[in-house]
Structure formats: structure tokens, C-alpha cells
Amino acid sequence: MAIKTGRYGTVSYDPAGVTPVALIALNKWKMSQKTPMINVTCFLDTNKVYVPDLKDLSGSISGFWNSTNFVLFSAVDATTPGLLKLVPNSTEATFYWSGLAYLDADIDCTVSGAPAVSGTFSAAGSWTFAHP
């Protein structure tokens with residue numbers, strides 16, 4: 001078993017949906033791939049019965065303001081989705097999730113710390129999980 005730190009994780013994005021480039025100054029990402037269940041319980045069933053709906057892929061990113069990279073804030077204004085790529089550990093770059101996504105963003109400035117940025121993403125098409 002090869003367990004590695006998330007210290008070398010990366011988040012990349014390309015508004016054109018072709019070749020994503022790293023979003024800098026991020027230190028956390030989280031992805032959810034929950035599949036909602038549809039209740040199909042019928043008369044005379046002895047318990048509730050469910051079938052899976054489509055997977056709902058979404059997540060969040062966070063880090064710090066970097067005045068040399070506006071990609072996250074530009075993505076917020078995009079009318080079309082861009083290509084988002086999430087790598088848990090860049091020393092094993094063959095493992096990643098990617099797909100088209102819409103993004104939104106927040107910035108939180110305080111007198112006692114570095115300006116923090118955060119955002120969420122939602123799938124805008126099918127995603128893939130690449131692995132060897």
C-alpha cells in the first residue's frame with residue numbers, strides 16, 4: 001500500500017478546456033462523488049426500495065490570494081465551463097480526476113492573516129478518473 005501526503009496535490013484549470021495549468025497558492029481541494037438514490041418503493045413492498053440516480057460530482061478548493069494569478073476569479077465570470085484537473089499527489093501524476101466544471105470563488109481578507117481564497121466547482125460534463 002502506498003499512502004502519500006496531500007502536500008504535493010495540485011489543482012489545474014483551463015478556460016478553453018484543452019490544457020489545464022496549475023492554479024497557484026492553493027492548499028486544499030475536496031471532491032464529492034455522491035450518488036443520490038431515487039425512492040421507487042411500490043405498494044406491497046416490505047421496505048423502501050431505491051435505484052441510483054446520476055453521480056453528483058462537485059467539490060471545493062481553497063488557498064491564499066496571489067496577485068500574479070487571476071485564473072480562479074476569471075473562471076467565475078466564464079459563460080462556458082473550463083477543464084479542471086485534480087491531482088492528489090504530483091509525485092504520482094498518473095492518478096487524477098478531470099472534467100469540465102463551472103467554478104465560483106470567495107475571498108476573505110482579515111487584518112490578522114493572509115487573504116484567503118476559496119471556491120466551489122460543479123461538473124459540467126462527464127469526468128474521468130485516470131490511473132495506471
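The figures that follow rest on heavy atoms only: side chains count, while hydrogens, waters and symmetry mates do not.
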Once rounded to the nearest 0.5 Å, what's the spacing between atom [atom1] of [X] and atom [atom2] of [Y]?
| X | Y | atom1 | atom2 | result |
| --- | --- | --- | --- | --- |
| Met37 | Asp53 | CE | CG | 9.0 Å |
| Ser58 | Met31 | OG | CE | 9.5 Å |
| Ile61 | Leu23 | CD1 | CG | 6.0 Å |
| Thr35 | Asp56 | OG1 | CG | 8.5 Å |
| Ser12 | Ile24 | OG | CD1 | 11.5 Å |
| Lys85 | Asp14 | NZ | CG | 11.5 Å |

ILVMFWY network linking Tyr13 to Phe129, side-chain heavy atoms under 4.5 angstrom: yes
Quick one: ring-ring contact (aromatic ring centres under 6.0 Å, His included) pairs with a partner in residues 14-52, sequence neighbours left out?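 The answer is none; no pair qualifies.
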Quick one: does [X]'s side chain get under 4.5 Å of [Y]'s, heavy atoms only?
| X | Y | value |
| --- | --- | --- |
| Val11 | Phe121 | no |
| Val117 | Leu26 | yes |
| Glu92 | Tyr8 | no |
| Trp127 | Gln33 | no |
| Phe95 | Lys4 | no |
| Leu84 | Pro20 | no |

For [X] versus [Y], what's the shortest heavy-atom pair and its separation?
| X | Y | value |
| --- | --- | --- |
| Gly63 | Asn27 | CA-OD1, 3.6 Å |
| Ala93 | Val87 | CA-CG1, 4.3 Å |
| Phe70 | Trp65 | CE2-CH2, 3.6 Å |
| Asn66 | Ala25 | CB-CB, 3.8 Å |
| Pro81 | Ala124 | CB-CB, 3.5 Å |
| Ala114 | Phe64 | CB-CD2, 3.8 Å |

Donor-acceptor pair, Asn89 side chain versus Arg7 backbone, under 3.5 Å?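 Not a single qualifying donor-acceptor pair exists.
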Would you say the side-chain atoms of Thr41 pair up with the backbone N or O of Val49, donor to acceptor, closer than 3.5 Å?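 Checked: pair present.
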For Ser118, run the side-chain contact (heavy atoms from CB on, under 4.5 Å) check against Asp106, Asp104, Leu72 and tell me which one passes.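 It is Asp106; the other options fail the test.
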